[in-house]
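Scroll down for the structure; my scribbles are underneath it.
In what follows, residues are counted from 1 in the order of the sequence shown. Atoms within a ligand are numbered from 1 in the order they appear, just like the ligands themselves.
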Amino acid sequence: MVEIKTPEQIAKMREAGLVVAAIHEATRKAAVPGATTRDLDEAARKVIAEHGATSNFLGYGGFPATICTSVNEVVVHGIPDEKTVLKDGDLISIDCGAIVDGWHGDAAYTAFVGEGHSPELIELSRVTEESMWAGIAAMKPGGRLVDVSRAIEAYIRRQPRPGGGKYGIVQDYGGHGIGSAMHMEPHVLNYVERRRGRGPKLVPGLCLAIEPMVSLGTPRTRVLEDEWTVVTTDGTWSSHWEHSIALTESGPFVLTSPDGGAAKLAELGVAVAPDPLG
Ligand code: MG
Ligand code: MG
């Protein structure tokens, strides 16, 4: 069953989304050479407390932290700790979430730590982020879920890689419905799988977390012994971007972006819906 939200519920999700955006801002500032991933977790914890929100990551299936910090070959679900010290040239994906009055927000971004990143890494993060926006722009009333998956995959496949080769579109993880829980139906593939059909209809009130994960090599992953950390099987580095989006009568609204996605969607010729908070 796909949960369809009322405008009032979407407004609550916007509040949660703005907390997530504030966590992004705080962790972005904190992700500097010499910082530990634990430092980033503390920055996130502080923002959640300041907003009177609660964490949807802490305690989720026993997860021991407020954010996921995934460095270099770690794709997703990295656990912040004191041992992981960020250094120049690292690529970190930071996944954040918050709950306001029972309604969830979830969003991730990839950041460059310090300096010294190759054009290939810079392009990896750009392609991953832009594929997410292509997926968001495909969220149109009357469409089908497969439109989102197709837009993400097609964008990535069209991009030439500096140095040649193909990008790996991670297959073991994907996006999801979001609302009164963080992870809900439907699962959102980042590629088209014919046997899954076209998926549910995109209708006003549907809220999705769209989150492509892309590597410089294999699409395959494995989980480390801590039972959380997901790495590429070939050790290539990866990027992860995510936003939570509400579909309304007048199109998509990006709940976890301060401007609702207006600037990026305008580039793609899509008008953003009005802010649910007015
Ligand atoms: Mg997330
Ligand atoms: Mg998510």
- request: Report, rounded to 10°, the angle at the Mg ion (ligand 1) between the two atoms OD1 (Asp106) and OD2 (Asp95).
  value: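 Value returned, to the nearest 10°, is 150°.
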- request: Decide whether Thr110 and Ser239 meet the rule of one side-chain donor and one side-chain acceptor closer than 3.5 Å.
  value: yes
query: Restricting to N, O or S atoms of Glu242, which is nearest to the Mg ion (ligand 2)?
result: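 Looking at Glu242, the N, O or S atom with the least distance to the Mg ion (ligand 2) is OE2.
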task: Give a yes/no answer: is there an N/O/S atom of His176 under 2.8 Å from the Mg ion (ligand 2)?
output: yes
- prompt: Hey, is there an N, O or S on Glu211 sitting under 2.8 Å from the Mg ion (ligand 1)?
  reply: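 Of the N, O and S atoms in Glu211, none lies under 2.8 Å from the Mg ion (ligand 1), which means no.
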task: Side-chain contact test, heavy atoms from C-beta onward, threshold under 4.5 Å: evaluate it for Leu145 versus Leu208 and give yes or no.
output: yes
message: A cation-pi test, strictly: NZ or CZ of Arg28 under 6.0 Å from the centre of the six-membered ring of Tyr109 and no more than 45 degrees from its axis. Yes or no?
response: yes
query: What do you reckon, are the aromatic ring centroids of His240 and Tyr173 less than 6.0 Å apart?
result: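 So the answer is no for these two rings.
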